[in-house]
Chemist: 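Just dropping this structure here.
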Amino acid sequence: MNMRIAALAVGLFSSVAFAQSYPSKTITIVVPFSAGGPTDRVARDLAEAMRKPLGGATIVVDNTVGAGSSIGSNKVAKAAPDGYTILLNHIAMASMPNQLRNMPFKVESDFEYLGMINEVPMTLISRPTLPAKNFKELVSWIGQNKGKINLGNAGIGSASHLCGLMVQSALQTDMTSIPYKGTAPAMTDLIGGQIDLMCDQTTNTTQQIDAKKVNAYAVTTSKRLSTAALKDLPTMQEAGLKGFEVTIWHGLYAPKGTPADVMAKINGALKAALKDPDFMAKQEALGAVIITDHRTDPVDHKKFVASEIAKWGPVISAAKEYID
Ligand code: ASP
């Protein structure tokens with residue numbers, strides 16, 4: 001065997017051996033938003049459901065937050081491509097490339113796509129002391145308070161920011177954006193009355209709506225939801241906002257160059273987790289819909305994200321809210 005072939009054989013053998021032993025240490029799922037928020041919640045429930053199919057591996061969640069998820073996403077883009085540091089992020093993977101002028105990483109080429117997880121509707125909610133109790137009253141309250149309204153979100157590029165831009169554009173009004181590192185702390189301030197409005201995933205709002213800690217006005221999907229706490233809410237379209245529709249999706253990503261066999265193991269564990277009865281029940285109770293179609297495969301996950309980047313570009317450029 002010449003030296004080159006021998007070296008190739010050793011390389012091949014060690015990557016096969018590596019994949020066979022994967023996972024042999026703790027896997028970290030980076031969540032680029034605050035602990036206790038909707039993205040974190042999906043990650044913690046998913047980590048629990050993926051543990052068994054990964055042979056009882058320890059999976060921890062690391063909240064690396066800020067800048068609308070770009071800090072945590074960049075951490076994973078630059079991590080060792082060994083399957084031990086992976087990213088769970090949402091629609092920000094499609095809004096960030098449209099909104100951040102100096103992206104520190106490339107969504108299309110710095111990641112391996114591991115498959116999609118779920119789709120989550122959003123709800124438009126307000127502080128409990130806001131006098132408007134339905135969408136019609138909200139529109140007239142907004143009209144009476146022009147220039148004074150603030151809207152919480154998880155930073156430029158986040159789901160709540162995107163939805164908030166759509167609300168402002170549909171109602172032709174400008175609100176002051178108050179960025180947080182996630183909607184968990186924003187929710188605390190909304191309940192406390194420090195901010196007026198917020199658009200957020202049902203995975204964070206269902207329990208608060210049910211407990212009447214916030215006012216809820218509408219859901220962002222084209223159809224009403226069946227979850228008990230949300231079924232009486234109109235869709236934005238029923239409430240009069242023509243064409244308004246946004247659904248948040250979540251997916252898993254690994255640094256570019258992660259070995260194919262390791263990725264296959266993670267994808268297999270993800271698919272098993274999506275069929276885990278406990279995970280399914282938790283998701284359903286919070287209004288989330290588990291993805292069961294071809295988008296749980298890496299190739300179609302990547303195609304879907306590319307289509308979302310194209311879809312949201314014009315909405316974001318119309319709003320002209322960028323970060324340098
Ligand atoms: N709900 C946040 C967002 O708007 C994310 C989070 O806090 O988990 O993107």
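Counting convention: from 1, in listed order, for ligands and their atoms alike.
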Chemist: Can we say D40 and R44 salt-bridge, meaning some charged N sits less than 4.0 Å from an Asp/Glu carboxylate O?
Modeler: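 Here D40 pairs with R44 in a salt bridge, since their nearest N and O are under 4.0 Å apart.
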Chemist: Can W249 and E308 be counted as having a side-chain donor-acceptor contact under 3.5 angstrom?
Modeler: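 A donor-acceptor contact under 3.5 Å links the two side chains.
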Chemist: Mind checking whether S160 has an N or O less than 3.5 Å away from an N or O of ligand 1?
Modeler: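 The answer is yes, given that S160 and ligand 1 share an N or O pair closer than 3.5 Å.
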Chemist: Do ligand 1 and S34 have nitrogen or oxygen atoms that lie under 3.5 Å from each other?
Modeler: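 No, S34 has no N/O under 3.5 Å of an N/O on ligand 1.
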Chemist: For I248, which part has a heavy atom under 4.0 Å from ligand 1: side chain, backbone, both, or neither?
Modeler: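 For I248, no heavy atom sits under 4.0 Å from ligand 1.
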Chemist: Could you tell me whether E238 and R224 have a side-chain N and a carboxylate O separated by less than 4.0 Å?
Modeler: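 R224 and E238: salt-bridged.
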Chemist: Among Q283, R295, H250, H90, whose side-chain hydrogen bond (donor to acceptor under 3.5 Å, both in side chains) with E119 holds?
Modeler: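 Only one of Q283, R295, H250, H90 forms a side-chain hydrogen bond (donor to acceptor under 3.5 Å, both in side chains) with E119, namely R295.
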Chemist: Do H161 and ligand 1 have an N or O pair less than 3.5 Å apart?
Modeler: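 Such a contact does not occur with ligand 1.
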Chemist: For K181 and ligand 1, answer yes if some heavy atom of the residue is under 4.0 Å from a ligand atom, otherwise no.
Modeler: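 K181 does not count as a contact of ligand 1 under the 4.0 Å cut-off.
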Chemist: Taking everything shown except N145 itself, do over 12 heavy atoms lie less than 6.0 Å from its CG?
Modeler: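 For N145, atom CG is crowded (more than 12 foreign heavy atoms under 6.0 Å).
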Chemist: By number and element, which atoms of ligand 1 are closer than 4.0 Å to a non-hydrogen atom of P38?
Modeler: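 Heavy-atom distances to P38 below 4.0 Å select 1 (N), 6 (C), 7 (O), 8 (O).
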Chemist: For ligand 1, is there an atom lying under 4.0 Å from some heavy atom of N204?
Modeler: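 Contact check N204 vs ligand 1: negative.
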Chemist: On the six-membered ring of Y84, is K25 placed so that its NZ or CZ lies under 6.0 angstrom from the centre and within 45° of the ring axis?
Modeler: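 Pair K25/Y84 counts as cation-pi.
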Chemist: For the NZ atom on K256, are there more than 12 heavy atoms of other groups (residues, nucleotides or ligands in this structure) within a distance under 6.0 Å?
Modeler: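 Count over threshold, so yes.
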Chemist: Please confirm whether G182 comes within less than 3.5 Å of ligand 1 when only nitrogen or oxygen atoms on both sides are compared.
Modeler: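 Between G182 and ligand 1 (N or O atoms, distance only) the closest approach is not under 3.5 Å.
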Chemist: Considering only non-hydrogen protein atoms, determine which one is nearest to atom 7 (O) of ligand 1 and report residue, atom name and distance to 0.1 Å.
Modeler: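 Checked against all protein heavy atoms, atom 7 (O) of ligand 1 sits closest to T183 N, 2.7 Å.
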Chemist: Number the atoms of ligand 1 from 1 as they appear, then name those within less than 4.0 Å of a heavy atom of A159, with their elements.
Modeler: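 Selected atoms, number and element: 3 (C), 4 (O), 9 (O).
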Chemist: Salt bridge or not between K271 and D297? Use side-chain N to carboxylate O under 4.0 Å.
Modeler: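 Result for this pair is yes, salt bridge flagged.
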Chemist: Enumerate the atoms of ligand 1 whose separation from the nearest heavy atom of T39 is less than 4.0 angstrom.
Modeler: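 It comes down to these atoms of ligand 1: 5 (C), 6 (C), 8 (O).
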Chemist: Using a strict 4.0 Å cut-off to heavy atoms of H90, name the atoms of ligand 1 that fall inside it.
Modeler: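 By the 4.0 Å cutoff, the relevant atoms are 3 (C), 5 (C), 9 (O).
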